[in-house]
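As structure tokens, the structure follows; a few thoughts come after it.
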Amino acid sequence: LIVAFLVGIVGGVGIVSLKNVGENAKKMYSENLQNVYMLTDMKQNLTEIKSNIAELLNTKDEKDTAIKDKLEKIIQEDKDENNKYVSQLEATLIDKDQKDLFEQFNNKLVEYRQLRENVIKLIDANNYADAAEQYKELPKVTDALFDSLDKLIEANLKESSTANDNIVLIYTKSTAI
């Protein structure tokens, strides 16, 4: 009877511990690591857009129309993917610090988008001189934008590490019993 009671206690502790491990692992994956993936992919898309805009500035000839159209299509695809990520991140970020960082990022993103769209409109209007002038402002804005992204990535990785530490702690406590 005593052995059965001890087996029941150990089993109960094991079930509770596994539940906690599962919750921490799910949080680490669904919240933190997915967010890190989206944030790093956004950073890559923003870099690609910047590069493609620089290439657009060099499409001044009529024969470059196909290249220009292709670049603008790629820019649009990257913009669409980033918009999807922004929507998903707005829905999944629950930590107040991360929400604050995301708000800072969004403010920089609005500034970046306005500048980017102005440059593209000037290029489409064949006003390459003004587009080149405005493009010179892009690095300053993207540096601040990337800094915000890096802070968000770091916050998610830190939270993921904390969840992992909790899993290890649960394991340690469970094996001690």
Side-chain angles (χ1 to χ4, degrees), residues 17-59 67-124 131 134-171:
S17 295
L18 286 174
K19 180 182 176 198
N20 289 337
V21 166
E23 288 173 1
N24 281 322
K26 181 180 177 186
K27 180 181 182 199
M28 185 174 19
Y29 175 75
S30 65
E31 291 177 16
N32 304 118
L33 297 180
Q34 287 289 350
N35 289 352
V36 168
Y37 169 77
M38 288 186 280
L39 292 165
T40 54
D41 204 32
M42 284 178 68
K43 191 172 182 178
Q44 178 184 351
N45 289 344
L46 291 166
T47 302
E48 185 176 24
I49 289 170
K50 184 179 169 187
S51 171
N52 287 337
I53 290 174
E55 201 170 331
L56 276 174
L57 284 169
N58 295 314
T59 58
I67 294 169
K68 185 177 175 183
D69 291 343
K70 180 183 174 192
L71 290 170
E72 287 185 355
K73 182 179 182 247
I74 293 169
I75 289 170
Q76 187 59 50
E77 289 169 356
D78 287 341
K79 286 170 24 180
D80 292 343
E81 188 173 37
N82 282 355
N83 289 338
K84 181 182 81 172
Y85 289 151
V86 167
S87 296
Q88 288 176 332
L89 287 164
E90 284 175 339
T92 60
L93 292 177
I94 53 175
D95 182 68
K96 184 187 177 337
D97 292 336
Q98 288 184 16
K99 281 188 175 191
D100 291 344
L101 287 171
F102 191 71
E103 187 176 322
Q104 291 172 11
F105 165 74
N106 259 338
N107 291 338
K108 297 293 181 190
L109 186 61
V110 167
E111 184 181 347
Y112 164 79
R113 285 175 173 170
Q114 290 172 341
L115 184 58
R116 175 193 67 206
E117 294 307 314
N118 285 343
V119 171
I120 291 173
K121 283 178 187 174
L122 290 168
I123 291 169
D124 287 342
Q134 289 232 342
Y135 182 79
K136 290 178 184 176
E137 297 296 316
L138 212 54
K140 180 177 71 173
V141 176
T142 54
D143 286 349
L145 191 62
F146 288 170
D147 185 50
S148 296
L149 273 172
D150 289 339
K151 287 178 183 174
L152 274 167
I153 291 167
E154 186 178 317
N156 275 278
L157 289 174
K158 183 179 177 187
E159 196 171 306
S160 179
S161 177
T162 301
N164 184 57
D165 292 345
N166 288 339
I167 290 171
V168 171
L169 182 64
I170 290 167
Y171 169 76

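Keep in mind that this is a model prediction, so the values were computed, not measured.
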*Do Leu46 and Thr142 pass the side-chain contact (heavy atoms from CB on, under 4.5 Å) test, and can you show the C-alpha distance, the side-chain angles, and the key distance before you say yes or no?*
CA-CA 8 Å; Leu46 291 166; Thr142 54; 5.9 Å; no

Assess the residue pair Asn52 and Ile49 against the criterion (side-chain contact (heavy atoms from CB on, under 4.5 Å)); give the C-alpha distance rounded to whole Å, side-chain angles, the decisive distance to 0.1 Å, and a yes or no.
CA-CA 5 Å; Asn52 287 337; Ile49 289 170; 5.7 Å; no

message = Go through it in stages, so that I can follow the logic: the residues are Lys96 and Asp100, the test is side-chain contact (heavy atoms from CB on, under 4.5 Å), and I'd like the CA-CA distance, side-chain angles, deciding distance and then a yes or no.
response = CA-CA 6 Å; Lys96 184 187 177 337; Asp100 291 344; 3.1 Å; yes

Please assess Asp124 against Glu72 for the test side-chain contact (heavy atoms from CB on, under 4.5 Å), listing each intermediate value before the final yes or no. CA-CA 10 Å; Asp124 287 342; Glu72 287 185 355; 2.4 Å; yes

Q: Kindly indicate, with the supporting measurements, whether the criterion salt bridge (Lys or Arg N to Asp or Glu O under 4.0 Å) is fulfilled by Lys84 and Asp80.
A: CA-CA 6 Å; Lys84 181 182 81 172; Asp80 292 343; over 6 Å; no

Evaluate the salt bridge (Lys or Arg N to Asp or Glu O under 4.0 Å) criterion for residues Lys73 and Glu77: first the C-alpha distance (whole Å), next the side-chain angles of each, then the deciding distance (0.1 Å), finally the verdict.
CA-CA 6 Å; Lys73 182 179 182 247; Glu77 289 169 356; 3.3 Å; yes

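Atom OG1 of Thr92 sits about 12.5 Å away from atom OH of Tyr85, to the nearest 0.5 Å. A distance of 10.5 Å separates CD in Glu90 from CD in Glu103, rounded to the nearest 0.5 Å. Summarising the geometry, atom CZ belonging to Phe102 is positioned 9.0 Å from atom CG belonging to Leu149; distances are rounded to the nearest 0.5 Å. Note that CG of Asn35 and CG of Leu152 are 8.5 Å apart. Values are rounded to the nearest 0.5 Å. Here CZ of Arg116 is found 11.0 Å from NZ of Lys121. Values are rounded to the nearest 0.5 Å. Rounded to the nearest 0.5 angstrom, Leu157 CG and Leu39 CG are separated by 9.5 Å.
Residues Leu89 and Met38 have side chains in contact (heavy-atom distance under 4.5 Å, counting atoms from C-beta outward). Two residues are said to be in side-chain contact when any heavy atoms from C-beta on lie closer than 4.5 Å; Glu117 and Tyr112 fail this criterion.
Across Ala155 and Gln98, no two heavy atoms sit closer than the pair O-NE2, 3.8 Å. Pairing each heavy atom of Tyr135 with each of Ala54, the nearest pair is OH-CB, 3.3 Å. Considering all non-hydrogen atoms of both residues, Val86 and Asn106 come closest at CG1-OD1, 3.9 Å. For the residue pair Thr59 and Leu56, the shortest heavy atom distance occurs at OG1-O, 2.6 Å. Across every non-hydrogen atom of Gln134 and Val119, the tightest pair is CB-CG2, 3.6 Å.
Among residues at least two apart or in separate chains, salt bridge (Lys or Arg N to Asp or Glu O under 4.0 Å) pairs with a member in residues 37-59 are Lys43-Asp150.
Defined by atom type and a distance below 3.5 Å, a donor-acceptor pair is present between the side-chain atoms of Arg113 and Asn83. For the residue pair Gln76 and Lys79, a side-chain donor N or O sits within less than 3.5 Å of a side-chain acceptor on the partner.
Side-chain atoms of Ser51 never come within 3.5 Å of backbone atoms of Thr47 as a donor-acceptor pair (strictly under, hydrogens ignored).
Applying the side chain to side chain contact (heavy atoms under 4.5 Å, CB included) rule to Lys151 yields the partners Leu101, Asp147; only residues at least two apart in sequence or on another chain are considered.
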